[in-house]
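Comments concern the structure below.
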Amino acid sequence: MKEYLDEIAVQIKDMGPVEAIGFLAQKFPGQITFSTSFGWEDQVITDMIFANDLSVKVFTLETGRLFPETYYVWNRTLENYNKPIHAYYPDVEALEAMVSKKGPSSFYESVENRKECCHIRKIVPLKRALSGNKLWVTGIRADQSLNRHDMSNLEWDEGNQLVKFHPIFEWTLEDVKAYIKKNNIVYNTLHDRGFPSIGCAPCTRAVQPGEDFRAGRWWWEDQSKKECGLHATQ
């Protein structure tokens, strides 16, 4: 697998994000997809895909617990580009069983309960969204959290059995903001209120100056458990 990744890495080495995504879309026709949660980084990549008419399917995970501001960005993005964003929902029976047994806020009670909620609302729908694809494009950047510094812009995802590509992996947050401003891209106004990372409303708060990028996610838990499993490393 290392040889396979090295081959792709060499092919896209000197390409910018748009050119690299376009190249990979041709290399994996009909088998490349991009996941958006409508944050800063994802809006940048959505623009790259839609504005350049790249053959990449764009999808999002509709957990049922998103912020109103997120839905606003979702709607505006559909209006601006007139291209589909495929929504993947949790399994109804699994969600009903969890909430019926434990209530709507069980994730506050234990790490196990929170992971169960993330599994039902995000991990299982993600598996469906990625099924049949060979390459998954994401908005991950290296400086978003300490554990992401150990990643590279091209990886093999053992759990999902596909290649992951992070086209703006080396970008700084200022790079992202500059792109958004230059291209007049709609973005989530929660970012202006101290939310660098935006997920489900009950599980996300603003961060304080000096706090880690992801300190506002699952803030009641130990800092070492700040991933939901979508980008778990193997």
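All values below come from the heavy atoms of this structure, side chains included, with hydrogens, waters and symmetry mates left out.
Between the side chains of E158 and W156, at least one donor-acceptor pair of N or O atoms lies under 3.5 Å. T70 and N188 share a side-chain donor-acceptor pair at under 3.5 Å. No side-chain donor from either of Y108 and N113 sits under 3.5 Å from a side-chain acceptor of the other. Between the side chains of W136 and S35, at least one donor N or O sits under 3.5 Å from an acceptor N or O.
Salt-bridge annotation for D175 and R141: absent, with no side-chain N of the basic residue lying under 4.0 Å from a carboxylate O of the acidic one. Salt bridge E116/K102: present, at least one basic N to carboxylate O contact under 4.0 Å. The residues R193 and E69 are annotated as salt-bridged, a charged nitrogen and a carboxylate oxygen being separated by less than 4.0 angstrom. Of the charged side-chain nitrogens involved, at least one lies within less than 4.0 Å of a carboxylate oxygen, so that R205 and E211 count as a salt-bridged pair.
Considering only heavy atoms from C-beta on, K57 stays 4.5 Å or farther from N133 through its side chain.
Two rings, from F59 and F34, have their centers 6.0 Å or more apart. Residues F67 and F195 bring their aromatic ring centres within 6.0 Å.
A 6.0 Å sphere centred on NZ of K134 holds no more than 12 heavy atoms belonging to other residues, nucleotides or ligands.
Heavy-atom minimum distance, I21 versus L54: CG2-CD1, 3.7 Å.
The CG atom of N82 sits 10.0 Å away from atom CD of E79, with the distance rounded to the nearest 0.5 Å. Interatomic distance, CG of L135 versus CZ of F165, reported as 8.0 Å (0.5 Å rounding). With values rounded to the nearest 0.5 angstrom, K122 atom NZ is found 12.0 Å from E62 atom CD.
Of the listed residues (L154, V137, I140), just one forms a side-chain contact (heavy atoms from CB on, under 4.5 Å) with H166, and that residue is I140.
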